[in-house]
Protein chains: 2
Amino acid sequence: MSTDAEPAPVSAKPPVTLREVAAAAGVSVATASKALNGQGRMTAETRERIRETARLLGFRPNSLAQSLLRKRSFTVGLLTNDTYGRFSLPLMAGVSDALVDKGVSVFLCNVEDDQRLGQLHVEAMLDKRVDGIVATGKRIDRHLPVDLSNLRIPVVYAFTQPDPGAVGLVSDDAGGARLAVERFVRLGRRRIAHVTGPASFAVVHTRAEAWRDVLKENGLAASEPLLGAWSEAWGHDAVARLFGKVGREGWPDAVFCGNDQIARGVIDALRERGISVPDDVGVIGFDNWEIVAEATRPPLTSVDMNLASLGREAGLALLSLVEGHPAAPGIRKLPCRLVVRQSCGSPPQ
Amino acid sequence: MSTDAEPAPVSAKPPVTLREVAAAAGVSVATASKALNGQGRMTAETRERIRETARLLGFRPNSLAQSLLRKRSFTVGLLTNDTYGRFSLPLMAGVSDALVDKGVSVFLCNVEDDQRLGQLHVEAMLDKRVDGIVATGKRIDRHLPVDLSNLRIPVVYAFTQPDPGAVGLVSDDAGGARLAVERFVRLGRRRIAHVTGPASFAVVHTRAEAWRDVLKENGLAASEPLLGAWSEAWGHDAVARLFGKVGREGWPDAVFCGNDQIARGVIDALRERGISVPDDVGVIGFDNWEIVAEATRPPLTSVDMNLASLGREAGLALLSLVEGHPAAPGIRKLPCRLVVRQSCGSPPQ
DNA sequence: GCGGGTTGGGAAAAGGTTTTCTCAGGGGGA
DNA sequence: TCCCCCTGAGAAAACCTTTTCCCAACCCGC
């Protein structure tokens, strides 16, 4: 399995220490340390001999001892309250990805919505001397149930409400919504409805406002957005409202949905009414939850929040903070992208 | 935010050390250490005074230093290759949950299917002296792209293929399938079909076999299971095959599906054909992916693999191993449970 | 031959905690 | 009065690595 290294020490009990390497090479630990780290002065021959010895013995420096001395553990904590959600996972993977190459490991801390659990995790991380913390959640407009405000280590907030004066990264929901609505406009749609989630979510308003702005900018009439639940069932209901009473000429020719589940419901309901997607009505969703977007008939065009990138950026931002580079506090918005499938229609040939 | 402790040291630069506590209390570090750990002998008064001093100063022992000495880092690694999947997340949360109360933190290691990434993560964990590793994946019948066979620290495999001689925890898929099929039998269904995923998955065969066994045990005829993809589309196709040509009397009166997406497709296709679920045909899915199971019409009865419990068990098993208790190697199967909603029908009154 | 600079390498402290050993003093029994 | 044991507490080693400081030897020019 190993590619080029010597065979791994087969279940040798205690790990090899620097002292043993030094003894085997006939030098002092100080010299051995310097040889391996490229520090100090010695003949190239000595340095190489020590390195070879270390390699042969399978020496790997004890991170704990290094951390103790360097006051840097090359470890960060990742706090989340989104245990079952689909938002955290790509985000977490992004953070981990961005950091593993720099030798930084990530502590996974699932705090649910439990203050006690949050406290417990934060204290554990502090005790373990993490270099910093990434806080992430399932809602962009809610705080985690922990206080990270004066912690002596840097904190970056990703996809969750940051403390004032902290560094926060979120997706640009308004931009994402514009992407979708502008697409519709370019495709010649004129009556673009918006079906979205409950008013208690900030993103509902952000996206609705962007939707309205684009309509106005293009001289199109904007009705009220339809607010409901984040569910397929609400998608069904919304279709009943939009396509129910009025004559065909009053129907929308496009529906921009607040998430993919709603879009799924909308598409299903339209099909049940014999309304063709995308010929009669275009549909675009939000979140680009692939397993849903690819199962709708036709496959769903959707706004992707690039959460993995968001995670990577958050990891990098934290690292930069840890290394002492100051960062402008405030919220940075990262662009979304539109993943075009078939539900929005194509440009007329 | 803190509940009862002294106000946290407001961004005091260096953490308080034991030496400082000792100095403040007028004792040696040795005595201070013993006082705080309940070791050694001293007057109750001295012990209490030291403890009070530590509390006042907000002393928290440096885990790094402790780990170095105790040869135990109270840290484990969690390896996964299921970045976007829905299986890992509850599993990971379970592991984390089981361990946080014991003061053990979890390193999140996302290895995708990349050998290099796997190697990188494993080496990083080893360097950081994790006490053990939980390996988990998205498929029960595949190895992770890393070699954990002779690692000097204990390894527990959860929901992934274990190395021979190692400890592995998986869900009892056969038992889960029995739960579903026996339910149908008790409800009086006689022609129970099985629509499932591709033959390349081991669970497809495990579940199909259990399905067949239950049918035989109850004197019911077993046709061939329908193997296809893990998708809604395949659920549609399967319905076309099952309910297509033959007369109504040849139709199944129940369909056991290999996962919830297939079940979703089946239910939708049945409705499109005007076949009532659950009156004409009962449907049960697998995975209990709530967001799908609750969106089907009617809501889907489904087999839940109890992944969070599986994760907890895995965490506990690893901990036990770390603490030196020997564990029987081999694969332990954890029971599934049937989450009853409306798609399977109720007992006749 | 001698002073100064360079070269190669070692000794030791530091980092924060735990644990083993040691020691001083006091009390009790003979 | 002497001895032994117990009590309370401190000194120091240990964990493993990094880094600073130091030293011996060598080379060079004068």
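We name chains A, B, ... by the order of the sequence lines, and we start the count at 1 in each one. Heavy atoms only: backbone and side chains are in, while hydrogens, waters and symmetry mates are out.
- In this structure, B/S96 contributes its side chain and B/M92 its backbone to no donor-acceptor pair below 3.5 Å.
- Comparing B/A65 and B/R49 by the nucleotide of DNA chain D whose heavy atom lies nearest to each, the residue mapping closer to the 5' end is B/R49.
- A/S67 comes within 4.0 angstrom of nothing in the nucleic acid, heavy atoms only.
- Between B/R47 and B/R129, it is B/R47 whose nearest contact on DNA chain D lies nearer the 5' terminus.
- Between A/L64 atom CG and C/dT17 atom P there is a gap of 14 Å when expressed in whole angstrom units.
- Put simply, CZ on A/R19 is 14 Å from P on C/dA12, counting in whole angstrom units.
- Relative to the side chain of A/L68, the nucleotides C/dG16, C/dG9, D/dG8 differ in distance, and C/dG16 lies closest.
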Stepwise side chain to side chain contact (heavy atoms under 4.5 Å, CB included) test for A/L120 and A/D114: CA-CA 10 Å; A/L120 209 59; A/D114 183 341; over 6 Å; no

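- At least one donor-acceptor pair under 3.5 Å links the side chain of B/D131 to the backbone N or O of B/F74.
- Protein atom CZ of A/R70 is 12 Å distant from nucleotide atom C1' of D/dC16, rounded to whole Å.
- At a cut-off of 3.5 angstrom, the base of D/dG8 holds at least one donor-acceptor pair with the side chain of B/R41.
- D/dC23 atom P lies 20 Å from atom CE of A/M42, rounded to whole Å.
- Listed nucleotides: C/dG15, C/dT19, C/dT17. Nearest to the side chain of A/K71: C/dG15.
- Between the C1' atom of C/dT17 and the CZ atom of B/F74 lies a distance of 14 Å, rounded to the nearest Å.
- Backbone-only contact: A/T17 has heavy atoms under 4.0 Å from sugar-phosphate atoms and none from a base.
- Side chain of B/N306 to backbone of B/S309: no donor-acceptor contact under 3.5 angstrom is found.
- Rounding to whole angstrom units, CZ of residue A/R72 and C1' of D/dT18 are separated by 16 Å.
- Among C/dA11, D/dG10, C/dT17, the nucleotide with an atom closest to any side-chain atom of B/L69 is C/dT17.
- As rounded to whole Å, 11 Å separates atom C1' of C/dT17 from atom CG of B/L36.
- Using a 30° and 60° split on the angle between ring planes, B/F107 and A/F107 fall in the parallel class, below 30°.
- Counting non-hydrogen atoms under 4.0 angstrom, A/K34 reaches a base of the nucleic acid.
- The CG-P distance, from B/D127 to D/dC15, rounds to 19 Å in whole Å.
- With distances taken from any side-chain atom of B/T43 to the nucleotides C/dG9, D/dA9, D/dT18, the minimum falls on D/dA9.
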